[in-house]
Amino acid sequence: MPRLPRPSPRLWLMLLLLLVGGVMALIEQRNSLESTVDVDASSDEPDYYLEGADMTRFDARGVSIQSMTSLHIEHTPGDDVTRAQAPKIRTNDSEDRRWYATGDSGVLSAGGDTFTLEGNARLRQPSDAWTLDTDVLHYSREQNRAWSDVPVVITQNGQRVESDRFSADLSQDSAQLEGRVRSTLQPGKGKSDAAREAETLDTGNDTTRDDDGRVSSTFDAAPAQDQ
């Protein structure tokens, strides 16, 4: 049987060069295809989402400072925010007081220190039986501040206050009402339904008592006009 001639070193070198050239061409083609992909175009697309989510944040001591349940949440990497459907948020401010917030939808900033609730937004402070209802609510744990630039209704134990705008410094227990302000002291029995609901959330039990003998009173304060 005749023997095939052994390839010369020059032929081996040519084959090696062809192989290297082919690999380099494939790499260049792949890089060219990747360069045509618009990364920014997909930055608004969620990088993850959860159904029936239950999330909890902890501080450096390992103490729970914020929790949220939601029917559906999704995170977008472009703006690094989390959007939630029907969120129920429990958060502790810097004074370690507990607040409850709910709404039809919500947007949480990176880290969750700031959030905005829209549609039937409600903020409750059970220890003071204090409830705020509005359409758009903003909350910042870092600033210890809650505010709304649309009309709000505040209720506390039979008292009802309405205003066009609202801003509260939670660390100072002070609030500023702007625009037309209307306040009503309602006759009734003990704490309002909203106060009862808030207390039940905080303690798990309804420990409110009826208290008759309230006086009915209403006043309006229109915004000051420049002379």
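Count residues from 1 along the sequence.
- In this structure, CD in Glu45 is found 9.0 Å from CD in Glu74, a value given to the nearest 0.5 Å.
- Residues Asp47 and Thr76 approach most closely at OD1-N, 4.3 Å, considering heavy atoms.
- Minimum heavy-atom separation, Asp80 to Ala110: OD2-CB, 3.1 Å.
- With respect to the salt-bridge test (charged N to carboxylate O, under 4.0 angstrom), the residues Asp133 and Arg160 do not qualify.
- A donor-acceptor pair is defined here as one N or O able to donate and one able to accept, closer than 3.5 Å; no such pair exists between the side chain of Glu162 and the backbone of Ile154.
- In the hydrophobic cluster analysis, where Ile, Leu, Val, Met, Phe, Trp and Tyr join through side-chain heavy atoms closer than 4.5 angstrom, Leu50 is grouped together with Leu108.
- A distance of 4.5 Å separates CE of Met55 from CD1 of Ile73, quoted to the nearest 0.5 Å.
- Side chain of Thr102 to backbone of Lys88: no donor-acceptor contact under 3.5 angstrom is found.
- Atoms OG and CZ, from Ser163 and Arg180 in turn, are 12.0 Å apart once rounded to the nearest 0.5 Å.
- Looking at Asp113, its side chain never comes within 3.5 Å of a backbone N or O of Arg141 through a donor-acceptor pair.
- The OH atom of Tyr139 lies 13.0 Å from the OG1 atom of Thr116; values are rounded to the nearest 0.5 Å.
- Atom CZ of residue Arg122 and atom OG1 of residue Thr134 lie 12.0 Å apart, to the nearest 0.5 angstrom.
- Using cut-offs of 30° and 60° on the angle between ring planes, the pair Trp147 and His138 is parallel.
- The backbone N or O of Thr114 sits less than 3.5 Å from a side-chain atom of Ser109, completing a donor-acceptor pair.
- The two residues Arg145 and Ser167 have their closest heavy-atom pair at NE-OG, 3.4 Å.
- The ring-ring contact (aromatic ring centres under 6.0 Å, His included) contacts involving residues 68-93 comprise Tyr48-His75, Tyr49-His72, where partners must be two or more places apart or lie in separate chains.
- Here CZ of Phe166 is found 8.0 Å from CG of Leu137. Values are rounded to the nearest 0.5 Å.
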